[in-house]
There are 2 protein chains.
Amino acid sequence: MILSEYFEDFGRRDWETDNIQGTVSVALIGAGWFTREWALPGFERAEHTEPTVIVDVDAERAEGLADDHDMTALTPAEFHDGVAESEFDAVYVATPNATHLEYVESAAATGKDVLCEKPMETDAERATELVETAREADVSLMIAYRMHLDPVIRRSKELIEAGVIGEVVQVQGNMSHRMVAELDGNASDQWRLDPELAGGGAMMDIGIYPLNTTRFLLESDPVRVAAATGSTHEEFADVEEQVSVRATFGGDVPVLFTANHNAYHDSFLRVTGMDGQIIIDPAFFERDDRGLEIRLDGERHDVDVTQVHQLEEEFAYFADCLLAGREPEPDGEHGLVDMRAIEAIYESAETGETARIENTVS
Amino acid sequence: MILSEYFEDFGRRDWETDNIQGTVSVALIGAGWFTREWALPGFERAEHTEPTVIVDVDAERAEGLADDHDMTALTPAEFHDGVAESEFDAVYVATPNATHLEYVESAAATGKDVLCEKPMETDAERATELVETAREADVSLMIAYRMHLDPVIRRSKELIEAGVIGEVVQVQGNMSHRMVAELDGNASDQWRLDPELAGGGAMMDIGIYPLNTTRFLLESDPVRVAAATGSTHEEFADVEEQVSVRATFGGDVPVLFTANHNAYHDSFLRVTGMDGQIIIDPAFFERDDRGLEIRLDGERHDVDVTQVHQLEEEFAYFADCLLAGREPEPDGEHGLVDMRAIEAIYESAETGETARIENTVS
C-alpha cells in the first residue's frame, strides 16, 4: 500500500466548487481573543469572504478593530435593532456560549446565514432552540468545527474510509492547556470560568475537540458515556477544571479522552485499527502545527503535513457552500449531538453511572 | 532544568547491592512461549541466577529444554511430590493463571522463594490465598512486574518524583496486539482464550500493564473504575477481546487506558503533568525497544534510552533481594491491588456503574 498516493496534494480542498463567484460579507459578533487573533485574519485571508461589521459589548474595542480593518462597529443593541444590516450577508457568532441564541435570533430575523462557534450554546435545550430558529427563518446554520476543514483530518478520514488501518477498534485523545496562564492579559476571555456564560468548563470548551473530531473521522456517534469531572484549583471553583470520558461509539468502539484547563499544553488523537494507527499530535490547537504519523506493519511514517490557517479553510468552506447554494455539513443537527453528549457526560459525572445519549443508536 | 542530569548512566541499577555473592538456582514452572523466548534466556543472562529445573505438563517439551540447557525436567506431579527439590532455591511460576496457586503451595511447602507471573491468579480470592500461603511458609513472594525494573520506567519515576513535569494530572495508555496471529504456531499458549485457565481476557493479560505501571510511576492506587469490555470476533467468545477503563487514582487523578487482544500491535503510556509530559512509546512489550520522550516548555526531547533485557533485569533484582536478605518490592500485597482493581473493572463492565476498589483510599 502506497501511503504517498493518499498524501499527494495534501492540502487539497476536496470540497471546493469550481469557478465560484461572489463574496460573502460577514458581521463578526464578539471581539475576544479568538476573533482578533484568528477569526478576523481568517476572514481576511479567505478568498470569498469579507469582514464588514464587528459587534462587541466593549464599544471601544469594536471601534478600534473597525478602524484598523475597515469595518463598521456596532453595539449589541444596534445589532439586535438591525442597524447596518445591509452591510453583511452572514454572521459569525463568537461570543460567550450563553449569548449565541440571542444573536442567532437577531441574525435569522433579517435572513442572515449563520456560522456559530461551538459549543453551540450552554445546554442542549437552548441549542435546540437555536437550530429551530435558523430552520424557521430558512437561513443556513453551520457550527464552527474547524477541524473538519483541516487537511490533516480530511486525509486521515480518507485513510480510514479506504480501510488502510483496518476496522477502527479504539480511539484515545486529549486536549489540555494552562488556560489562565495562556490567556493572561485577556481578562475579558475569562467568561470561560463563569458557568452562567460558559455552561461548563473543560468539557464544553476543549473536550468537545476530541469528541467531535472522532465523530467526524469515524462517521459515528457516542451512544453511552461514563465520565468524571474535577477541580482541584481555586480558579476552577465554578466550572470543571478537567474531565475524563470513556465513551462507547456506535459499533461498540471505545473512545477515551480527557480535557484539562490546567495541564501541560497538549493535544492528540490516536486512532487504532486492527491493521494500523493514525496518530495526530499536535491535533487541536489552531496555533500549533499539526502532526500526523501513520503506523503500519511495524513501521512509523511521519507524514509531511501541509499546514493551513484553519480559520481561513473553515470560512472559505462556509462561503463556498453559501455561494454554491448548498448547506454546510457540520450543521445544527450535527452540533446537537455534541450538546446531548456533553449533557450525558455531566450527568454521568454527577451520578457515577453510565449515561445514554438521546437520539443516537449503537 | 537539565534533563541530561537525570539520564546520565541511564541503565543504572539503583537497586543493586554492592559485592553480592552467591547464586539463586531456580525451577522454571511452565515451558510456554514466554518461558522459552524470554524467561529462560533472562535467567541465563542474569549474573546471580541459574535455571536448574524445568517443569511442564508436556514432558517432551520439558525434556528437550532440559537437555539443551542443562536442567532437570520434572512433570507437575514430580514437582508437587518434591522430586529434585534440593536442586533449586526458588521457583518462577509462568503457567496458566489458574494453576499459580497450586505451584506456590508446593514451593512454599519446601520453603522455596517464589517469583510469580502476573496476573497472580484468576481472581482476588485465589490471589489472597496465594499471598497467605507464602506468608505462612515465610518464603519471599515477588510478582513478576518486569516494567518496575526497566530503566525507562525507573528514570521516568525519578523525573516525576523530582517534580520535573509538575503535579501529575492525568495518564493515558494502551496495550494491544493481534494475539491469535502473533502467537501463531504456539497453540499451547492459547489458554489465554479459556476463562477457566486465564480468569479473563485482555484486561487480565495485557490491561494489567498500563494499570500496574501507572501505579508504580505515581505511587498511587486506583480508587474507582468505570469500564466496558467487549468481544466482536469469534475467537474471543469466552474472554473479553478488549477493555476500556476510566479509573480514578488517589488524589482524583484520571487514568484512562485500553487493552485489546485483536488490534494493531501498540503500547504507550502518556503521563501529563501541569508543567510537562512523559511519553513512553513503545512501552510494554518485552520485544519492542522502549521509547521515551519528555515534553517541557513546548519542546520535545527524545531520550536516548538504554535498552535492557527486561527479564534479565527482573531476575537479577529478584536474586539481589534474596541474596541480600531483603523482600522484593512488587510483593503479593502489591499484586493484590491489581487483582481487586481487575475485579472492580469486570464488575463495572457488568453493571454499567462506577465500581469502588476495596482497601484503597483516595
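None of these values were measured; they are calculated from a predicted model. Only heavy atoms go into these numbers, but all of them, side chains included; no hydrogens, no water, no symmetry mates. Throughout, a chain's letter reflects where its sequence line sits, starting with A, and its residues are numbered from 1.
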Counting heavy-atom pairs under 4.5 Å with chain B, which one of A/D266, A/N262, A/V169 comes out on top? A/D266
Is the NZ or CZ atom of B/R270 positioned over A/F268's six-membered ring, under 6.0 angstrom from the centre and within 45° of the axis? yes
Nearest 0.5 Å, what's the CG-CD distance between A/N174 and B/Q277? 7.0 Å
Could you walk me through whether B/M274 and A/N260 satisfy the side-chain contact (heavy atoms from CB on, under 4.5 Å) test, starting with their C-alpha distance in whole Å, then the side-chain angles of each, then the deciding distance to 0.1 Å, before giving a yes or no? CA-CA 10 Å; B/M274 286 184 67; A/N260 198 315; over 6 Å; no
Most contacts with chain B, counted as non-hydrogen pairs under 4.5 angstrom, among A/V245, A/I165, A/T232: A/V245
Interface check, chain B: of A/T351, A/L256, A/V255, A/T248, most non-hydrogen pairs under 4.5 Å belong to A/L256
Heavy atoms of B/T258 and A/Q170 approach each other most closely as OG1-NE2, 3.1 Å
Identify which part of B/V243 has an atom lying under 4.5 Å from any heavy atom of chain A, answering side chain, backbone, both or neither. neither
Quick check on A/E241 against chain B: is it the side chain, the backbone, both or neither that has a heavy atom closer than 4.5 Å? neither
A/Q242 to B/D252 - nearest heavy-atom pair and separation: NE2-O, 3.5 Å
Might you confirm whether atom CD of B/E350 has over 12 heavy atoms from other residues, nucleotides or ligands at distances under 6.0 Å? no
With a 4.5 angstrom heavy-atom cut-off, which part of A/H233 approaches chain B: side chain, backbone, both or neither? side chain
Looking only at A/G230, A/G276, A/S348, A/A228, most heavy-atom pairs under 4.5 Å shared with chain B are made by A/G276
Where is the tightest heavy-atom contact between B/T354 and A/G352, given as atom of each residue plus distance? OG1-O, 2.5 Å
When the 4.5 angstrom heavy-atom criterion is applied to A/D297 and chain B, the contacting part is backbone
For the student: nearest non-hydrogen atoms of B/R246 and A/A226, plus distance: NE-O, 3.5 Å
One should read off an interatomic distance between B/I279 CD1 and A/D281 CG, to the nearest 0.5 angstrom, of 6.0 Å
Does A/Q172 reach the main-chain N or O of B/F257 with its side chain, forming a donor-acceptor pair under 3.5 Å? no
Specify the closest pair of heavy atoms between B/A263 and A/T272, including all atoms of both residues, with the distance to one decimal. CB-CG2, 4.1 Å
Just wondering, do A/R178 and B/D275 contact through their side chains at under 4.5 Å, heavy atoms? yes
